[in-house]
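These numbers were taken from a predicted model, which means no experiment stands behind them. A note on names: the letters A, B, ... follow the listed sequences, proteins ahead of strands, and every chain is numbered from 1.
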Amino acid sequence: MGEPNFPRLEAEVLEFWKKQGIFEKSDRKPAPRGKFVFYEGPPTANGQPAMHHVLARSFKDLFPRYKTMQGFHVTRKGGWDTHGLPVEIAVEKRLGVLGRKALSREEIAEFNATCKKYVFENIQDWNYFTERLGFWVDLDSAYITYTNEYIESVWNLLKRLWDKGLITQDYKVVPLSPRISTTLSQNEIADGYREVDDPSVYVRFPLKLETTPKAVRQRLNAQGVRLEDLENLAILVWTTTPWTLPSNTMAAVNPQMDYALVRSPSAGHLIFAMEAVERLKELHEEELEVLAQLKGADMEWWEYTPPFPEVCVELGVVKEQGERRENGRPVMHFVALADFVSAEDGSGVAHEAPVYGAEDLELSRKYGTPLLFGTDEYGVMRVTGERGKFFKDADKGLIRAMKERGVMYHAGTIRHRYPFHDRTGDPILYFAKPSWYIKTSLFREQLYARNEEINWVPEHIKYGRFGNWLKDNVDWAISRERYWGTPLPFWVAEDGSEKVCVGSVRELSELAGRDLSDLDLHRPYVDDITFVKDGKIFRRVPEVLDVWFDSGAMPYAQWHLMLDENGRPLPGTEANYELFEQHFNADFICEAIDQTRGWFYSLHAIATLLYDRPAFKNVICLGHLVDEKGQKMSKSKGNVVEPLPAFDKYGADAVRWYMFTASEPGDTKRFSERLVAEAMRGFLGTLWNVYSFFVLYANLDRPNLKERPPVEERPEIDRWLYSRTQQLVQEVSEALERYDARGGARALEEFVEELSNWYVRRNRRRFWKNDDAADREAAYATLWEALVAVSQLCAPFTPFVAEALWQNLVRSVDENAPESVHLSQWPQAQAMDQSLLKSMHAALEVVRLARAARARSGVKTRIPLPLMLVTAPTAEERAGLQHFASEIADELNVKELRVLGPEEEVLSYRVLPNLPVLGKKYGKKVPAIRQLLAELDGKYVAQTLKAKQALHLEIEGETITLTPDELLLEALSPAGYEALEERGYMAALEVRVDDELFLEGLARELIRLVQQARKDMGLQVSDRIHLSYQAEGKYAEALRKFGSRLQEETLALSLSEAPITGFETGLEDEEGRVRFGLSKA
RNA sequence: GGGCGGUUAGCUCAGCUGGUUAGAGCACACGCCUGAUAAGCGUGAGGUCGGUGGUUCGAGUCCACUACCGCCCA
């Protein structure tokens, strides 16, 4: 016992758990309430476990522990995410590979072998970290996404989607590092933005007058402008990427925006955004006259001649320029409408080259225009006089060409941010590549509807970040041009005429005509598998799967679920199916907020598409952990706080407690060691203090804790603590039922505070020298029960300290008790005495006020005061104060306490409106009522209310009647007392110290002195002593009067005025002097 | 550029459906207590509740706009 050393204690508890197999026992214990399903969101083990993992894993541990104690069975299957970019990048660095351009078969084999090797390079750290945190998860049976079984299940899922016709191939604009033609992720380009100068060109796209939309004609006529008079009419298009102009297929305007038809002295007639007129005047330094105004929407389908009209024929996309579709619409080169067009920069008319922009591609789908590939995927120009040049180097020549063609209105430059690939130094090329999609957008409504069934913590994510994301759902691009991932199980005929999705290894074996059971399903081995069907050779597509699909597939793949086309388990996998059924869907998952579009989405999408059910019912979405200054923790900034040192210094419980209490789970948390230290002192320290207090005396008194006195026979304060404990059980249970970890933790914190600073503080004497056996036993029983309850209630939060308490408090008393607190039954709240709880609440309020009054009086608490007056707003509470009168009086060291009622002569009252009640009823009259009440004599009102039950007021010639519940009476401090009042509670001290009281105070001072000496001598609390003393002045008087009490308090068998012998102590001040000699009896 | 969240005491955070004098912990100052004791407790000071405008008898709380910070997306 003694001072707590939590890290050491935790080591002992870990040892105990391991030795006794407590986790395993919790897994096997009876589960009368059935299953509680938890899904582990898999981390990648090649990184180091960090503080944000502590956050997530603390929450992931909390609810399974709670549910286990409640009698549920929780399968705590771990999981590891092993594929994907973080691993690839780490390996690239290690191998010194630059990009992944066209690796040979052997290179892929080496690369993937290295990935596999390094995925688990930090697994030891993870294992240790997980155990040390007290996160109970089964890592031995953890699912691993790179295993053949996992991959096969993923294939099986893809096949099911394929069979429903939900997988298609289409273009997708991706960021490429040109020259090596490697697709990059957003993360890879995020750091590559640089401030650069780029061209900013305004190009005339001459409009074809014969195709002018009717709406435009009408609008112009109305403004007195004749189309035929408009020489050289062109729409003015702006771009910062001239090299994309040969690939232009549309000019986009915003349908809502106003466009101006202007006369330009230098260029004839131009159409562009009204908003841009002034800007262009300045830019081009010419006077522009606005002739008419058009709406963007008017201009749809208006055709124009692009700056490089020959390109579309050259590329073989159309046979001739200006070609039309069957419905008469132009194939391309017309004005399109798009909401994303703005006029903040440029002309308000956007040039659309769908190959080179995501929004452009989206628009081209809407309008059904073809793609013009002006460059190849290495960024080399394929068209115009610039053919063969790197795209960025083509700008100059193209600008010159356009000037020659007379379509360049203005060529300038702009400084803006553009991304570069930091390893090759090349500018990023956004480029449309063929890509595989899951058609999730067909399920927009279902995705949204299934989300309705999910309980989100915090709530705002549901309709905010996640709901909005679902509402605007776009198809899920699932292919990646990478190596280390689940290979897409799509095999395509060499002529592209037919595609097959393979749903199992067995199926692939059948197609290939040989047994492939031992095949490593990764690249490059799977790429070797080809087969002939209908006389055509089928080869696998080169891409691998988006890793988010891997993780979203875990509800199925973690059990190696394999279904046939009828949804029945494949032969030999029936048991897997069983396990899957038992664990679908999850009751609870928990990850950080960045998973809304990651794991949360992939889980939700797959479950909705295949089962039309949500994958999880409750989710806690955690905020990020930042450093003390609110900065993101990152290695480069050097502000990363390591978990293990914190565990070693404060203990895992302290860190966990911090995570639960620091702020709302969804909020960003500013982490600092200081706050962990605070968590340790504040909660764990106080709890430990109470616990060691109990143990210290229980070891001396050996109370019978097995047969405890019935609660109703115990003193009032014990019955209070009992009720308070039941209240705590209820509060913590209710909070955890709502997945409100913080609410539960706060309830515990408040309770422990009250337990320590009120119950123990008030009852210390009952433990240390109490000859009244019944009273003593009651005190021990009550405190013991409270501590046991706390041990159980905090077990899910702080499993180590809870276990230590349980072992010493419960197991030492009853060897038949559950072996571990985590195997014990979660407590049920018993009936509680509400009026007792209210009474004590009132008492605590009054004590608080009285302490403040005491402090103001300047009379030390050691010196008793004769009288204290108290009151509370309601009769029930006043009765409660009477109940605890002696407790209150003792706490404040006053001789007498009187509870005053509203009829008391000595008090006056302030009358206040009960606003929540009155406001609703009287509305605008409230200020007048308030005014009037302030002027009333409170005492009179108090008496009136008591007598007549109602108060009549005259307001603006109208009589209104106020009932007692519409009014509040606040006691005012009586004159001549040191008093404080607050919201109807009042405490007043009579500050009158007579000689007798003063001497009594001095006697207390002497008792304290002797006690200190006892301690300095190193005596046991039960040791008896003999006291000799010599005293002068007031101290001599005090000893004469209160000597016997001194003896009693200090366990002195004798007290004699004699020469000092033994251990000496004493003091001297203006009241006199005194010396004591102590010797052990 | 869009979406979501945050902004309350020096710091970290509470503040339920609008209601009387906006709270806690830490830190600070002062004091108290002393058989839980290299602990504990209390009191005090400290706040234009980011800003502006609005709704209302009444706004930290609701609405609009706005500034700054963070996250996600483009």
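- One finds a side-chain N or O of A:Arg764 lying less than 4.0 angstrom from the OP1 or OP2 phosphate oxygen of B:A36.
- Summarising the base pairing, B:C16 is matched to no nucleotide, lacking a Watson-Crick or G-U wobble pair whose two defining distances lie under 3.5 Å.
- Among the atoms of the strands shown, base atoms are found under 4.0 Å from some heavy atom of A:Thr1050.
- The main-chain N or O of A:Phe431 is never found under 3.5 Å from a side-chain atom of A:Lys172 such that the two would form a donor-acceptor pair.
- Ring planes of A:Tyr418 and A:Tyr430: perpendicular class, angle over 60° (limits at 30 and 60°).
- Taking atom CD on A:Glu749 and atom P on B:C13, their separation rounds to 15 Å, with Å as the unit.
- Between the P atoms of B:C69 and B:C62, the separation comes to 24 Å (whole Å).
- Rounded to whole Å, the P atom of B:G50 lies 15 Å from the corresponding atom of B:A22.
- Put simply, CH2 on A:Trp548 is 11 Å from P on B:C72, counting in whole angstrom units.
- Using a 4.0 Å heavy-atom cutoff across all strands shown, A:Arg765 reaches no nucleic acid atom at all.
- Pairing for B:A36 is absent, judged as Watson-Crick or G-U wobble with the two contacts each under 3.5 Å.
- Across all strands, A:Ser756 comes closer than 4.0 Å to base atoms (heavy-atom distances).
- We find that CG of A:Asn757 is positioned 10 Å from P of B:G25, with the value rounded to whole Å.
- Nucleic acid contact class of A:Arg851 (heavy atoms, under 4.0 Å, all strands): sugar-phosphate only.
- Side-chain contact between A:Pro873 and A:Tyr985 is present, with heavy atoms from C-beta onward closer than 4.5 Å.
- When rounded to the nearest whole Å, the span between CD of A:Glu750 and C1' of B:A14 equals 10 Å.
- To the nearest whole angstrom, the two C1' atoms, one in B:U61 and one in B:U56, are 13 Å apart.
- Taking atom NE2 of residue A:His460 and atom P of nucleotide B:C4, one finds them 11 Å apart after rounding to whole Å.
- Using a 4.0 Å heavy-atom distance criterion, A:Arg854 is classed as making no nucleic acid contact.
- Between the CD atom of A:Glu459 and the C1' atom of B:U17 there is a distance of 14 Å, given to the nearest Å.
- Side-chain atoms of A:Arg597 lie closest to B:C73 of the nucleotides B:C73, B:C26, B:C41.
- Summarising the base pairing, B:C49 is matched to no nucleotide, lacking a Watson-Crick or G-U wobble pair whose two defining distances lie under 3.5 Å.
- For A:Arg465, counting side-chain heavy atoms from C-beta on, the closest listed nucleotide (B:C41, B:U12, B:C72) is B:C72.
- Comparing B:C63 with B:U55, their C1' atoms sit 7 Å apart, to the nearest whole Å.
- With respect to the salt-bridge test (charged N to carboxylate O, under 4.0 angstrom), the residues A:Asp472 and A:Arg444 do not qualify.
- Using a 4.0 Å heavy-atom criterion, one finds that A:Arg1008 contacts the bases of the nucleic acid, with or without backbone contacts as well.
- With C1' as the reference atom, B:C16 and B:C73 are 34 Å apart, rounded to whole Å.
- Using a cut-off of 4.0 Å between Lys/Arg side-chain N and Asp/Glu carboxylate O, A:Arg761 and A:Glu891 are scored as salt-bridged.
- With respect to A:Arg1045 and A:Glu1000, a salt bridge is recorded, a charged nitrogen being found less than 4.0 Å from a carboxylate O.
- Using bins of under 30°, 30° to 60° and over 60° for the plane-to-plane angle, the ring pair A:Tyr448/A:Tyr463 lands in the tilted bin.
- By the 4.0 Å N-to-carboxylate-O rule, A:Glu845 lies close enough to A:Arg848 to be salt-bridged with it.
- Look at CG on A:Asp890: it is 11 Å from P on B:U34, rounded to the nearest Å.
- Of the two residues near RNA chain B, A:Asp667 and A:Asn468, the one whose nearest nucleotide lies more 5' is A:Asn468.
- Nearest to the side chain of A:Asn689, among B:G40, B:G25, B:C41, sits B:G40.
- In this structure, A:Ala662 and A:Arg1014 both approach RNA chain B, and ranking their closest nucleotides by distance from the 5' end singles out A:Ala662.
- Residue A:Ile929 is classed as having no contact, given no heavy-atom separation below 4.0 Å to the nucleic acid.
- Protein atom CG of A:Leu892 is 11 Å distant from nucleotide atom P of B:U43, rounded to whole Å.
- Side-chain N/O atoms of A:Arg670 include one lying less than 4.0 angstrom from OP1 or OP2 on B:U12.
- In this structure, A:Tyr697 reaches the sugar-phosphate backbone alone: every heavy-atom distance under 4.0 Å involves primed, P, OP1 or OP2 atoms, never a base.
- Atom C1' of B:U52 sits at a distance of 25 Å from the matching atom of B:G2, rounded to the whole Å.
- Separating the C1' atom of B:G40 from that of B:U34 is a span of 9 Å, rounded to the nearest Å.
- Judged by Watson-Crick or G-U wobble contacts below 3.5 Å, the nucleotide B:C4 has B:G70 as its partner.
- Among B:G19, B:A14, B:C41, the nucleotide with an atom closest to any side-chain atom of A:Arg742 is B:A14.
- Side-chain nitrogen and oxygen atoms of A:Arg1004 include at least one within less than 4.0 Å of the OP1 or OP2 phosphate oxygen of B:U34.
- Pair assignment for B:A29: B:U43, on the basis of Watson-Crick or G-U wobble contacts that are both within less than 3.5 Å.
- Taking atom C1' on both nucleotides, B:U8 is separated from B:C13 by 10 Å, rounded to a whole Å.
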